[in-house]
Number of protein chains: 2
Amino acid sequence: MTSSVNPKDAPSAAPLGFQNHDHRACVAGALATAESRCAADGLRLTPVRRKVLELLLQEHRALGAYAILDLLREAGFGSQPPVAYRALEFLVENGFVHKVERLNAFVACAHPGRMHSPAFMICRLCEAVAEAPSAPARGAFGAAARAAGFQIERTVVEAEGVCPSCAAKGDA
Amino acid sequence: MTSSVNPKDAPSAAPLGFQNHDHRACVAGALATAESRCAADGLRLTPVRRKVLELLLQEHRALGAYAILDLLREAGFGSQPPVAYRALEFLVENGFVHKVERLNAFVACAHPGRMHSPAFMICRLCEAVAEAPSAPARGAFGAAARAAGFQIERTVVEAEGVCPSCAAKGDA
DNA sequence: CGCTACTTGTCATGATATTACATTTCAGTT
DNA sequence: AACTGAAATGTAATATCATGACAAGTAGCG
């Protein structure tokens, strides 16, 4: 399988994390990591969940829930929204996938296995999404939160702009 | 949930920015600031736009577009979604209102008049939203963006957690 | 006035997400 | 192997958030 399947959008060869890399190894490695961590933690990486993770890893860009749902249907899974949303909920809860709030879309985690609050750089031209390290709770914002007595549990950090590859092409 | 949407409610009972303040002065001041800046910049703060800003200032919390729309209808304005969305678009573009991506909701700017990238603290219990100072482009994230060659144009920084008042009440 | 750009009102539709409930699958037990 | 309770899945229906298209009104200006 996996030969067909292309949502009306960009090809899966396109935007990576802003830099080239061995995509096949990246996908295989992330899936293996997910599998072993699920085994270790008693989590069930069921076929739908595994498929959603695989799709997100292969596309290597942010996909909306309904785009994922289309791909799931083509792969023979259920095609109602809760199928996709439930798989995504599991994957997000366990850190294998992040939600990009700004796009209402989901992207495979670039650093699975470690706990972290993700930060994203989103290209407004090609929609590529790169995950960056970040520690928002340290720094000025964290200080403001502590001063206000606010207990941070989760953070969303997303930057919108132009990726190097689009900037090189002639920006605008 | 809890979008009570009652223009005659006492607004001072609602969640503020996590701290008490003179709400009437805060509303009046922000409206005056908006009016003078629009006059200075040749922007048209029309009745609908002014009303939306006033509503957001009075409520002093994040409101969804449809909650705003309900309030607009009660005030005698049009009641179709574009009415609210267009006013919000104007207000957001000009920095009078921010969108809270995490909530798909809108909140009046706490520091109008100055250009800034907003950062929010969102209480998951009472849904209060406080705006904090932040400079995400400085610090580790900004460094990562520069290293990657990514040109930041806009940032979203939102922390979810528990506000001091909910924490005092018995948290969980 | 008559032109133009902008704004507003409305209908229709699209995009994103959740509730509710029946059915199936799984792990652990009898 | 059959039983059981918890978890996962499939499906229909619905809720919530957002935009496109177009007609009608309004301000500023020659």
Side-chain angles (χ1 to χ4, degrees), chain A residues 7-9 34-35 38-53 56 62-94 96-107 127 156, chain B residues 1-5 35 38-39 41-53 55-56 62-94 96-107 127 156 158:
Chain A
K8 60 204 158 190
D9 227 311
E35 262 165 5
C38 283
D41 295 3
L43 302 171
R44 294 170 59 187
L45 190 62
T46 61
V48 196
R49 292 167 177 176
R50 193 183 193 284
K51 186 67 184 176
V52 170
L53 178 56
L56 284 171
L63 291 180
Y66 280 70
I68 291 167
L69 196 51
D70 287 345
L71 295 168
L72 282 180
R73 174 173 30 242
E74 292 182 39
F77 294 89
S79 60
Q80 297 300 312
V83 173
Y85 280 104
R86 284 190 293 230
L88 288 166
E89 180 183 26
F90 170 88
L91 293 168
V92 168
E93 251 170 24
N94 293 288
F96 300 122
V97 163
H98 301 300
K99 177 167 189 183
V100 183
E101 298 288 346
R102 172 70 194 166
L103 302 177
N104 293 320
F106 301 83
V107 70
E127 295 208 331
V156 173
Chain B
M1 50 249 66
T2 329
S3 39
S4 59
V5 172
E35 262 165 4
C38 284
D41 295 2
L43 302 170
R44 293 171 59 187
L45 190 62
T46 61
V48 196
R49 293 168 177 175
R50 191 183 195 284
K51 186 65 184 178
V52 170
L53 178 56
L55 290 169
L56 283 171
L63 291 180
Y66 280 69
I68 291 167
L69 195 51
D70 288 344
L71 296 168
L72 282 180
R73 175 173 31 244
E74 292 181 40
F77 294 88
S79 59
Q80 297 301 311
V83 173
Y85 280 103
R86 284 191 293 231
L88 289 166
E89 180 184 25
F90 170 88
L91 294 168
V92 167
E93 250 169 24
N94 293 288
F96 302 121
V97 163
H98 301 299
K99 177 166 188 182
V100 184
E101 298 289 344
R102 172 71 197 169
L103 302 177
N104 294 321
F106 300 84
V107 69
E127 295 206 331
V156 173
E158 300 174 4

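In what follows, every chain begins at residue 1, and chains take the letters A, B, ... in the order their sequences are listed.
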| Whole angstrom value for the distance that separates P of D:dA18 from CD of B:E89 | 12 Å

| task | Among the candidates C:dA17, C:dT8, C:dT18, find the nucleotide nearest to the side-chain atoms of A:F106. | result | C:dA17

| field | Closest to the B:P81 side chain, choosing from D:dA18, C:dT7, C:dT10 | value | D:dA18

| field | Euclidean distance, atom CG of residue B:L103 to atom P of D:dA18 [Å, nearest integer] | value | 11 Å

| note | Residues A:L72 and A:K51: closest non-hydrogen pair is CD2-CG, 3.8 Å

| Integer-rounded Å distance: D:dA7 P and A:R86 CZ | 14 Å

| query | Within this structure, what is the CG-to-P distance between B:L43 and C:dC6, rounded to whole angstrom? | reply | 13 Å

| said: For B:A105 versus B:G64, what's the shortest heavy-atom pair and its separation? | reply: CB-N, 4.0 Å

| Which residue, B:A65 or A:G76, contacts DNA chain D at a nucleotide closer to its 5' end, judged by nearest heavy atom? | A:G76

| To the nearest angstrom, how far is A:Y85 atom OH from D:dA13 atom P? | 19 Å

| query | For B:Y66 and D:dT16, is the gap between ring centres under 5.5 Å while the planes differ by less than 30°? | reply | no

| Nucleotide of D:dT11, C:dA17, D:dA18 approaching B:N104 most closely (side-chain heavy atoms) | D:dA18

| Which whole-number value in Å describes the distance from A:R49 CZ to C:dC26 P? | 12 Å

| Between B:Q80 and A:A87, which has a closest nucleotide on DNA chain D that is more 5'? | A:A87

| Can you tell me how far C1' of C:dT16 sits from CZ of A:R102, to the nearest Å? | 15 Å

